[in-house]
Structure formats: structure tokens, C-alpha cells
Engineer: 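Following this message is one structure expressed as C-alpha cells.
Predicted model, so just to flag it, every value in this text is computed and none were measured. Note that the numbering runs from 1 along the sequence shown for the chain.
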Amino acid sequence: MFQIIAHVKPNEKSKHFNEYAGAYAVLFVNYSDIDGAFELAKYYIEKDNWDIIELEQEYFIHEGRDDMDESYQQYFDEVMESGYSLIFNLYEKDED
């Protein structure tokens, strides 16, 4: 499984559009090659109404639950069942 990180912002269709300025998205994809995993990452992020600011080219490979950071191990079963898991670490708009 691959772990891909992206810097994203909500688009006008997103329920987060008026509340959050952006997020760092962490996507776990259970796919056989990295090129396909990157294409799936773009698809799932955009499908959830986010625009990609930057898709990091660096990625991590996880062989199993124990390879994942402790804070993400709870998503392992979801990745195995559905093929992916997408987690958004949101940050709010500045009030200035």
C-alpha cells in the first residue's frame, strides 16, 4: 500500500468551502504500482470536492498495519476493504 500526501483546498462544491482554507490530505491506496496510485489519489481528492495545490512526489510504502504510523493504523482495515482511505487534516481560514 502507498501513502501519498497532498496539500489541498476546498472548491465551491465542498461543504468545507466557507469554513476551511485548506488541508493536508493523507491518502492510503492499496494498488500495485505508484503511477496508478497517484492517479487514484488525484481522482479521490477531486471526487471529494477538493482542488490539489500540491501533490507531493515523495511517498511511503507500507507492507502492513505495523508499518503505518500509529495515528493512521486505525484506517488499515478500511484500506484493505475499499482499496483506499483519505484523511484530511484541516486548517481554518485566517480571520484577518
Engineer: Please say which of Gln3, Gln74, Glu78 ends up in a side chain to side chain donor-acceptor pair (under 3.5 Å) with Ser85.
Structural biologist: Glu78

Engineer: Taking all non-hydrogen atoms of both residues into account, name the closest pair between Asp69 and Ser71 and its distance.
Structural biologist: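 Looking at all heavy atoms of both residues, the closest pair is OD1-OG, 2.6 Å.
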
Engineer: Roughly how far apart are Asn11 CG and Ile52 CD1, rounded to 0.5 Å?
Structural biologist: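 Here the interatomic distance stands at 11.0 Å.
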
Engineer: Are Ile34 and Ile45 connected, step by step, through hydrophobic side chains (Ile, Leu, Val, Met, Phe, Trp, Tyr) whose heavy atoms are closer than 4.5 Å?
Structural biologist: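 They do share one cluster, since a chain of ILVMFWY contacts under 4.5 Å joins Ile34 to Ile45.
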
Engineer: Grouping I, L, V, M, F, W and Y whenever their side-chain heavy atoms are under 4.5 Å apart, do Ile87 and Ile61 come out in a common cluster?
Structural biologist: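 They do not share one cluster, since no chain of ILVMFWY contacts under 4.5 Å joins Ile87 to Ile61.
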
Engineer: Would you say Tyr84 and Tyr75 are hydrophobically clustered, going by side-chain heavy atoms of ILVMFWY under 4.5 Å?
Structural biologist: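 Different clusters: Tyr84 never reaches Tyr75 through Ile, Leu, Val, Met, Phe, Trp or Tyr contacts under 4.5 Å.
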
Engineer: Verify the cluster assignment for Val8 and Leu40: are they in a single hydrophobic cluster under the rule of side-chain heavy atoms below 4.5 Å apart?
Structural biologist: yes

Engineer: What's the shortest heavy-atom distance between Pro10 and Ala21, and which atoms?
Structural biologist: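 In terms of heavy atoms, the two residues are closest at CD-O, 3.6 Å.
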
Engineer: Check for a donor-acceptor pair, side chain of Gln57 on one end and backbone N or O of Leu55 on the other, with a separation under 3.5 Å.
Structural biologist: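 Flag set: sc Gln57 to bb Leu55 pair under 3.5 Å.
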
Engineer: Please step through ring pair (Phe, Tyr, Trp, His ring centres under 6.0 Å) for the pair Phe2 and Phe60, ending with a clear verdict.
Structural biologist: CA-CA 6 Å; Phe2 297 100; Phe60 301 96; over 10 Å; no

Engineer: Give the cluster check for Val79 versus Tyr31: same hydrophobic cluster or not, with ILVMFWY residues linked at side-chain heavy-atom distances below 4.5 Å.
Structural biologist: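 As far as the 4.5 Å side-chain criterion goes, Tyr31 and Val79 are not connected within one cluster.
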
Engineer: Do side-chain atoms of Glu56 reach the backbone of Ala6 as a donor and acceptor pair under 3.5 angstrom?
Structural biologist: no

Engineer: Could you measure the distance from the NE2 atom of His62 to the CZ atom of Phe28? Nearest 0.5 Å is fine.
Structural biologist: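 Reported value, rounded in 0.5 Å steps: 5.0 Å.
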
Engineer: Could you go through the side chain to side chain contact (heavy atoms under 4.5 Å, CB included) check for Phe76 and Met68 one step at a time?
Structural biologist: CA-CA 8 Å; Phe76 182 80; Met68 299 171 77; 3.7 Å; yes

Engineer: Rounded to the nearest 0.5 Å, what's the gap from CD1 on Ile4 to CG on Leu27? Could you check?
Structural biologist: 6.0 Å

Engineer: Determine the interplanar angle of the Tyr91 and Tyr24 rings, folded into 0 to 90°, and report it as parallel if under 30°, tilted if 30 to 60°, perpendicular if over 60°.
Structural biologist: tilted

Engineer: Within the side chain of Asp67, is there an N or O that forms a donor-acceptor pair under 3.5 Å with the backbone of Glu63?
Structural biologist: yes

Engineer: Using 0.5 Å steps for rounding, measure from the NZ atom of Lys13 to the CD atom of Glu46.
Structural biologist: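 Rounded to the nearest 0.5 Å, the NZ-CD separation comes to 11.0 Å.
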
Engineer: Can you tell me how far apart NZ (Lys15) and CG (Asp48) are? Round to the nearest 0.5 Å.
Structural biologist: 7.5 Å

Engineer: Could you tell me whether a side-chain N or O of Arg65 sits under 3.5 Å from a main-chain N or O of Gln73, the two making a donor and an acceptor?
Structural biologist: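 Side chain of Arg65 to backbone of Gln73, a donor-acceptor pair under 3.5 Å: yes, one is there.
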
Engineer: Would you say that more than 12 heavy atoms from the other residues, nucleotides or ligands in this model lie under 6.0 Å from the CZ of Phe17, or not?
Structural biologist: yes

